[in-house]
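Per chain, numbering begins at 1; letters A, B, ... match sequence-line order. Side chains included, hydrogens not; waters and symmetry mates left out as well; all remaining heavy atoms used. From a predicted model like this one, the values you see are computed outputs, not experimental measurements.
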2 protein chains.
Amino acid sequence: MSKPINDSTYWRDFEKNDITHSAAHYLMAIDALRDEYGYARVTDVAEMLEVSRGAASMSISQLKKRGWVTEDAHRFLLLTEDGRCMAQLVEQNFRILGKFFEEVLGVSPETALSDACKMEHLMSLETGRRLVWLMRYILSDESRAAKIHDVMACFRPGCESAEHCPLCEGGQCLTAPEGDCEFHRKERRKPGSVNS
Amino acid sequence: MSKPINDSTYWRDFEKNDITHSAAHYLMAIDALRDEYGYARVTDVAEMLEVSRGAASMSISQLKKRGWVTEDAHRFLLLTEDGRCMAQLVEQNFRILGKFFEEVLGVSPETALSDACKMEHLMSLETGRRLVWLMRYILSDESRAAKIHDVMACFRPGCESAEHCPLCEGGQCLTAPEGDCEFHRKERRKPGSVNS
DNA sequence: AACATAAGTTCATCATAATGAACAAAGAGA
DNA sequence: TCTCTTTGTTCATTATGATGAACTTATGTT
């Protein structure tokens with residue numbers, strides 16, 4: 001088994017992640033509600049996330065057991081130090097990924113935010129910080145930023161459009177073959193999709 | 001609700017993703033096994049992924065129902081056109097993210113591969129293609145690549161070490177506050193971790 | 001033919017995360 | 001006080017994805 005992709009030392013990391021997508025959004029909802037209204041109740045969280053009150057109640061009681069959520073003097077929901085830490089980490093990752101996808105890669109805001117939201121709780125602190133470092137470098141110089149934007153503006157999917165590809169030459173080609181499967185047909189039907 | 005992070009139009013996209021992390025690895029395992037040995041059976045897949053035969057059997061029967069897996073003339077597992085398409089897409093995303101994290105951001109191989117593996121099935125085709133485009137630009141010129149590597153080599157977490165931060169000035173600071181919570185304490189204990 | 005091993009499926013069980021219905025408790029108004 | 005609404009919890013159910021045990025159905029070997 002030479003291919004590392006199914007290496008059992010990490011393909012199950014997904015399950016052992018510090019926080020689930022769902023839990024992250026419950027924490028962020030409590031944070032956002034307290035920010036906006038000064039308090040957060042089970043019903044408010046349920047409404048914000050558009051889940052049933054039952055689901056919110058059960059999920060939040062799990063978060064309490066994990067020590068991420070408590071109640072304040074008025075019995076309103078409150079993030080603990082650990083809970084706020086997790087929420088901020090995930091929110092930060094969301095902003096980092098969203099900004100990178102949209103402002104550096106030039107992905108449509110729709111797709112950028114959707115992708116960022118899916119990946120936000122899975123990116124490690126180290127990777128997130130380094131991505132910020134890269135963005136800070138790229139965007140710190142006007143002409144450098146402009147050059148990147150120019151390059152990304154004439155983005156075309158596929159290898160053919162590139163005169164010279166340092167990626168393919170250095171190993172495996174990283175351009176997905178445009179197959180005639182269900183997925184690519186759906187992709188081509190998308191409004192505003194960029195396809196060769 | 002001005003914050004888009006909990007916007008219900010996309011926080012549930014996570015559940016509605018085309019493929020689950022688990023399903024992606026079953027497909028990739030079948031692909032890898034056929035590549036290496038010319039055939040793939042339920043037991044081989046179970047062994048490769050280190051799951052029980054029962055789990056593999058049930059998961060694979062789901063993949064058959066979805067039309068991603070069939071059997072060949074010898075009753076060995078075989079990816080359909082759609083199945084191979086999904087597998088290749090996810091593998092491509094894994095390679096793209098892994099290469100980006102490791103070779104551009106300078107993340108440790110361990111973390112780079114773990115992060116890539118978690119995110120591989122969630123990155124859209126558009127974002128993946130654009131990330132390849134960016135990498136091709138960055139790595140196509142020797143001095144440009146060297147400059148990026150220099151910049152990333154002197155990476156330090158936190159804002160303080162940067163003289164000038166175009167990210168913070170343009171909006172919200174993207175550097176996660178170094179809180180004293182369970183998560184950051186664990187992070188600091190990691191061997192080889194980069195912390196201020 | 002008889003027996004052992006290998007391969008694959010099915011079942012009971014568990015965990016997460018959702019729904020909707022039922023129910024309990026707390027407040028508000030006539 | 002009685003009633004109605006809001007709030008929150010619990011329960012039965014569903015779906016996914018895992019385990020381990022039991023079981024069936026090959027495939028060999030002597």
Novice: Show the distances under 3.5 angstrom between N or O atoms of the protein and N or O atoms of nucleotides 19-22 of chain C.
Specialist:
from	atom 1	to	atom 2	distance (Å)
C:dT19	OP1	B:R12	NH2	3.3
C:dT19	OP2	A:S52	N	2.8
C:dT19	OP2	A:S52	OG	3.0

Novice: Between C:dT9 atom C1' and B:L77 atom CG, what is the distance in whole Å?
Specialist: 14 Å
Novice: Can you see if the side chain of A:Y26 gets near the phosphate of C:dT16 - specifically, an N or O under 4.0 Å from OP1 or OP2?
Specialist: no
Novice: Is there a side-chain polar atom (N or O) of A:T43 under 4.0 Å from OP1 or OP2 of D:dG8?
Specialist: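 Yes, because at least one side-chain N or O of A:T43 sits under 4.0 Å from OP1 or OP2 of D:dG8.
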Novice: Should B:R12 and A:E50 count as an ion pair when the cut-off is N to O under 4.0 Å?
Specialist: no
Novice: Just by distance, do the side chain of B:D72 and the backbone of B:L78 share a donor-acceptor pair under 3.5 Å?
Specialist: no
Novice: Can you measure A:D13 atom CG to D:dG17 atom C1' for me and round it to whole angstrom units?
Specialist: 17 Å
Novice: May I ask you to decide whether A:K186 forms a salt bridge with B:D18, counting only side-chain N to carboxylate O separations under 4.0 Å?
Specialist: yes
Novice: Rounded off to whole Å, could you give me the CG-to-C1' distance for the A:D44 and D:dT7 pair?
Specialist: 10 Å
Novice: Mind checking whether A:F100 and B:F100 have ring centres under 6.0 Å apart?
Specialist: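 Centroid separation for A:F100 and B:F100: below 6.0 Å.
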Novice: Determine, stepwise, if the pair B:D180 / B:R188 fulfils salt bridge (Lys or Arg N to Asp or Glu O under 4.0 Å).
Specialist: CA-CA 11 Å; B:D180 184 37; B:R188 278 192 288 268; 3.8 Å; yes
Novice: On a heavy-atom basis, which atom in B:M152 and which in B:L105 lie closest, and how many Å separate them?
Specialist: CE-O, 3.2 Å
Novice: How long is the line joining CZ of B:F76 and P of D:dT27, in whole Å?
Specialist: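 So the CZ-P distance, B:F76 to D:dT27, works out to 10 Å.
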Novice: Do the charged groups of A:D150 and A:K147 touch, with an N to O distance under 4.0 Å?
Specialist: no
Novice: Where does the angle between the aromatic ring planes of B:F155 and A:W133 fall among parallel (under 30°), tilted (30 to 60°) and perpendicular (over 60°)?
Specialist: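 Rings of B:F155 and A:W133: perpendicular, over 60°.
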Novice: Rounded to whole angstroms, how far apart are CH2 on A:W11 and P on D:dG17?
Specialist: 10 Å
Novice: Could you list, one pair per line, each protein nitrogen or oxygen that sits under 3.5 Å from a nitrogen or oxygen of nucleotides 4-6 of chain D, together with the distance?
Specialist:
none

Novice: Whole-Å distance between C:dA17 P and A:I60 CD1?
Specialist: 13 Å
Novice: Under the side-chain hydrogen bond (donor to acceptor under 3.5 Å, both in side chains) rule, what pairs show up with a residue in residues 100-119 of chain A, not counting sequence neighbours?
Specialist: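 Of all non-adjacent pairs touching residues 100-119 of chain A, those that pass side-chain hydrogen bond (donor to acceptor under 3.5 Å, both in side chains) are A:K99-A:E103, A:S108-A:T111, A:S114-B:D13, A:D115-B:S124, A:D115-B:T127, A:K118-B:N17.
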Novice: Would you mind checking if B:D44 and B:R53 are paired as a salt bridge, meaning a charged N to carboxylate O distance below 4.0 Å?
Specialist: no
Novice: Could you go through B:R136 and B:D141, starting from their C-alpha distance and side-chain angles, then the distance that decides it, and tell me whether this counts as salt bridge (Lys or Arg N to Asp or Glu O under 4.0 Å)?
Specialist: CA-CA 9 Å; B:R136 205 180 275 147; B:D141 182 80; over 6 Å; no
Novice: Just how far, in rounded Å, is P of D:dT7 from CG of A:L33?
Specialist: 13 Å
Novice: Just by distance, do the side chain of B:S61 and the backbone of B:M58 share a donor-acceptor pair under 3.5 Å?
Specialist: yes
Novice: Using heavy atoms and a sub-4.0 Å distance, could you list which residues of residues 64-73 of chain A are near DNA chain D? By number, please.
Specialist: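 Residues of residues 64-73 of chain A under 4.0 Å from DNA chain D: none.
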Novice: Once ring pair (Phe, Tyr, Trp, His ring centres under 6.0 Å) is applied, do any residues pair with A:F14, and if so which ones, sequence neighbours excluded?
Specialist: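 For A:F14, the residues satisfying ring pair (Phe, Tyr, Trp, His ring centres under 6.0 Å) (neighbours in sequence not counted) are B:H21, B:H121.
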Novice: Near DNA chain C, counting only heavy atoms under 4.0 Å, which residues of residues 14-23 of chain A show up?
Specialist: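 Those residues are A:T20, A:S22.
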Novice: By the 4.0 Å heavy-atom rule, please label A:S59 as base, sugar-phosphate, or nothing.
Specialist: sugar-phosphate
Novice: Pick base, sugar-phosphate or nothing for B:S57, based on heavy-atom distances below 4.0 Å to the nucleic acid.
Specialist: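 Touches a base.
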Novice: Indicate whether any N or O donor in one side chain lies under 3.5 Å from an N or O acceptor in the other, for B:R144 and B:S140.
Specialist: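 The answer is yes; a qualifying pair exists.
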Novice: Rounding to an integer number of Å, can you tell me how far B:H121 NE2 sits from D:dG17 C1'?
Specialist: 13 Å
